[in-house]
Amino acid sequence: MTKPYEPNIIEKTVQASWDKEKRYEVVADDREKFYCLSMFPYPSGKLHMGHVRNYTIGDVISRFKRMNNYNVFQPMGWDAFGLPAENAAIANKVNPNDWTQKNIENMKDQLKSLGFSYDWSKELRTCDTNYYKWEQLIFKKFADRGLVYRKKAIVNWDPVDNTVLANEQVIDGKGWRSGSQIEIKEIDQWFLKITDYAEELLTSLEKLDWPENVKTMQKNWIGKSIGAEIKYTLKGSEESLTAFSTRPDTIFGVSFIAISPNHSISTELAKNDDSLAQFLAQCKEISAAEADMAKAEKLGYKTKIKAIHPITKELIPVWIGNFVLLDYGTGVVMGVPGHDQRDYEFAQKYGIDIKQVIKVDDNDQLPLLDKGKLINSPGFDGMASDSAIKKINKYLEENNLGKQLTQFRLRDWGISRQRYWGCPIPAVYEDGVPRILEENELPVELPELEKNSPPIPLSKNKDFINISNKTKREADTFDTFMDSSWYYARFPSADNDKEIFGEDSDYWLPVDLYIGGIEHAILHLLYSRFFHKALRDMDMVKEDEPFKKLLTQGMVLKDGAKMSKSKGNTVDPQPYIDKYGADTVRLYMMFTSPPEQSLEWSESSVEGASRFLKKVWSLVSSRKYNDFKEDPEFTKEDLALRRKAHATLKKVENDYEVRYSFNTAIASVMELLNFIPDEYKANDASDAQKFCLDETIIFILKMLAPITPHLSEHLWNSFFVDDLAVDAWWPKFNKDLLEVEEFDLVVQVNGKVRGKTVINKNLDEKEIETEALSLENVKNTIGANKIKKVIYIKEKIINFVI
RNA sequence: GGGGAUGUGGUGGAAUUGGUAGACACGCUUGGCUUAGAACCAAGUGCCGCAAGGUGUGGGGGUUCGACUCCCUCCAUCCCUACCA
């Protein structure tokens, strides 16, 4: 009788030996380096299945690379600042730091129990002064390079709670706690000039080994467009409005101008117009989130102002539209209802002229969004859109009415947050004038709170704010995306308190493989790329890009939505680890779907994963490797097993290394295990049979080692003769063993399968055809019909067309 | 509203380059073992049909000798939309 498989005992023992020998703490050496990074978590309390999936993927790849003789660095840390800590602090009257640290300890224990091969000596927490002090320094250096400025920007304001709300905290236009109608408010904030890098962020996407969909998303987000700025002078005024358009060829179709409710003209007019003032107030009753604005009903208010069309000199009404954003382009839209969907709807609603100025054919329906030939455009009629654009731009430029311009959709990054639990922005106000602190005035430490007292905003913390009568400290903290924009570069130097990026960072950067959720495809990844390029330009890092290769995992969903603490739909892995062991949980997560796909959580086949590991256990645990000095004589059946084992190894290698397709790798190993004939396991098996089984076992343990490291290591140590750990080497398949003399041929008639037959590889095409035609079912189907055509695909298929 | 993805048995999924649809599992059914259950073992399992056969990859259309795969169109679901991380 073999002992039962007791994963919890095995796993604790194996993990203890890793800790003792510090197996996964690494330093520079001669091997090729591999920096494998999984996105660090926000310490929300407990791990959920989304984390388990993400971190298992990273660990499987790290372990596979390590077995293939790479020097692998896989760190872990904590994105520790953020809103949930403050929410928890308010709800439960706990100190956000205590709450966060406790969560970190919990989650760290969970990560350790899952057996991830992290180098914990480089752990970092963004809420540590030794982390964020460097962030304040980066900010100062960015400022010195002219990448920092201040401007007004809109926020969600809760007039009852007197606080700024995050978009997430606004539900149907109401504050989540107070329930009151929120309003948009403009406040002064710090900005980073990410737009200075717009062009490079766009062009260097090409160099990246990233999934195409992520690159496309970033490209569209940056949104480079070539168009023209067109000046509309206002009637009876020196003032003018400038609108940007990518379609100057439709300029003769302009029948209104729309400006933002926040535009200075709007505010000016409202002073003497109560109904307009009311309209502007109404426009503020909408959340600042783009999705909400886009969904809101398009509303307009017609002013008495007229703009002069730059070419026809006709008078055009100026409207105020709630869909026009001030900090978006110029805050002025030229309305061309005939050729723009949104303008069309707006014009229909308010009875504004809709003119067709582009023609494609006689069946044109408005709005017509395609390019075509110009009509109703005096002086340009009959021209194709593209040449008309050039002509019109030239005309505008010569007459000082506008100019050709490249514009980006990307906006500068507002980094001010009106919160407590974040990195203090290192600035002061001297007589109200902002000044960013000098290097020798850093760090600005986040003031500690009383035990168990809820956070008060920094703006209300007098001890912190008031430096002197004239000098006040900045009360805002950084956006937490700042914290996560450079952590990848800090990790190798996490234990270095002398330099921000020491020689360890130099050695390990860039990240060779970055793994994380697809939800970060745009913001986090774009901000990090921007940081990296700015740091490069200050000679703080080399390379142009931080993440060479990217693997985006799909969401783990529960009840049809992304698993997250705030939605309250998380599934804790702990009960599963306790019941089945970490190896089973890891195996199940990898087996249940490929990494990129989103996945509705279900525990339905955890049992299957567990069952498979028990089978491996019962096959290997009481067995010892037979150290044959020379190869025995193999029968045909022996060779079939060896072929299967070597073919599986080849496939699994490809699945791990190239395809990141762990579910199919596991399926192949399961298939291999099922393929072993029972007599090979018996005591009276022949030497050749024992040899083949031993070889198969070696392959199985090695192939599983990245996914189920504890079981593999334990069985390896009891089974094999050398004293190297299971992750010391990866086996090599023998390609001579993969050769076969025969293949299965599928025989089709008119594309439908009518038979299958085994064909010797030596036969020529004519012989194969005869062979196929001799099949009973094929003969019957063809009957008296004449064969019109024969299609033969080498060693796969033959199709008779009748 | 915009951008990106996904859709295959009762369930998770496989089919890697346009070439056998449903590998590998879960579940279920039947049988074995057992006092009984659990566990384990064996066989079966897309749908319709006694069978021959037909049919089948979200719906509709197309290209092709051949389509889960390519094209058009519609529908559903998920993610992002700049202050959740």
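Just so it is clear: chains get the letters A, B, ... in the order the sequence lines come, proteins before strands, and each one is counted from 1.
Closest to the A/R754 side chain, of the nucleotides B/rG54, B/rA82, B/rG4, is B/rG54. The nucleotide whose nearest atom lies closest to any side-chain atom of A/V746 is, among B/rA14, B/rA82, B/rU20, B/rU20. Checked against B/rU20, B/rG13, B/rU81, the side chain of A/W221 finds its nearest nucleotide in B/rU81. Checked against B/rA21, B/rG1, B/rG4, the side chain of A/M217 finds its nearest nucleotide in B/rG4. Side-chain atoms of A/S593 lie closest to B/rG13 of the nucleotides B/rG13, B/rG53, B/rG1. In the set B/rC41, B/rG19, B/rA85, B/rA85 carries the atom at the smallest distance from any side-chain atom of A/L523.
Looking at heavy-atom distances under 4.0 Å, A/V669 makes no contact with the nucleic acid at all. If you check every strand for non-hydrogen atoms under 4.0 Å, A/K651 touches a base. A/K562 comes within 4.0 angstrom of a nucleotide base, judged by non-hydrogen atoms across all strands. Heavy atoms of A/G554 sit nowhere under 4.0 angstrom from any nucleic acid atom. A/F591 comes within 4.0 angstrom of a nucleotide base, judged by non-hydrogen atoms across all strands. Within 4.0 Å of A/S602, counting heavy atoms only, lies no atom of the nucleic acid at all. In this structure, A/N674 reaches the sugar-phosphate backbone alone: every heavy-atom distance under 4.0 Å involves primed, P, OP1 or OP2 atoms, never a base.
Going from atom OH of A/Y588 over to atom P of B/rA25 covers 15 Å, rounded to whole Å. Between the NZ atom of A/K558 and the P atom of B/rC79 there is a distance of 15 Å, given to the nearest Å. Rounding to whole angstrom units, NZ of residue A/K295 and P of B/rU81 are separated by 12 Å. With rounding to whole Å, A/H524 atom NE2 is found 15 Å from B/rC80 atom P. Nucleotide B/rG12 holds its C1' atom 11 Å from the CD atom of A/E600, rounded to whole Å. Spacing between atom CD1 of A/I518 and atom P of B/rU6 amounts to 10 Å, rounded to whole angstrom units.
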Enumerate all atom pairs, one protein N or O and one N or O from nucleotides 26-32 of chain B, separated by less than 3.5 Å.
from   : atom 1 : to     : atom 2 : distance (Å)
B/rC26 : OP1    : A/R611 : NH1    : 2.5
B/rC26 : O2'    : A/S604 : O      : 2.5

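With hydrogens and angles ignored, the 3.5 Å screen pairs a side-chain donor or acceptor of A/D412 with a backbone N or O of A/T195. For A/Q189 (side chain) and A/I415 (main-chain N/O), no donor-acceptor pair under 3.5 Å exists by modelled atom type.
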With Watson-Crick and G-U wobble geometry limited to distances under 3.5 Å, how should the secondary structure of RNA chain B be encoded in dot-bracket form, using | for bases paired to another strand and [ ] for crossing pairs? (((((((..(((......[....)))((((((.......))))))(((....)))..(((((..]....))))))))))))....
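Counting non-hydrogen atoms of neighbouring residues, nucleotides and ligands closer than 6.0 angstrom, the NZ atom of A/K796 reaches no more than 12 such neighbours. Applying the 6.0 Å contact sphere to NZ of A/K567 captures more than 12 heavy atoms from other residues, nucleotides or ligands.
Ring-plane geometry between A/F481 and A/H524 is classed as parallel, the angle between the planes falling under 30 degrees on a 0 to 90 degree scale with a further cut at 60.
Separating the P atom of B/rA21 from that of B/rG32 is a span of 37 Å, rounded to the nearest Å. Of the C1' atoms belonging to B/rC50 and B/rC65, the separation is 35 Å, rounded to the nearest Å.
A cation-pi arrangement, defined by a distance under 6.0 Å to the six-membered ring centre and an angle within 45 degrees of its axis, is absent between A/K298 and A/F346.
For A/E135, the side chain to side chain contact (heavy atoms under 4.5 Å, CB included) partners are A/Y131, A/C423, A/F478, A/M482, A/D483, A/W486, not counting sequence neighbours.
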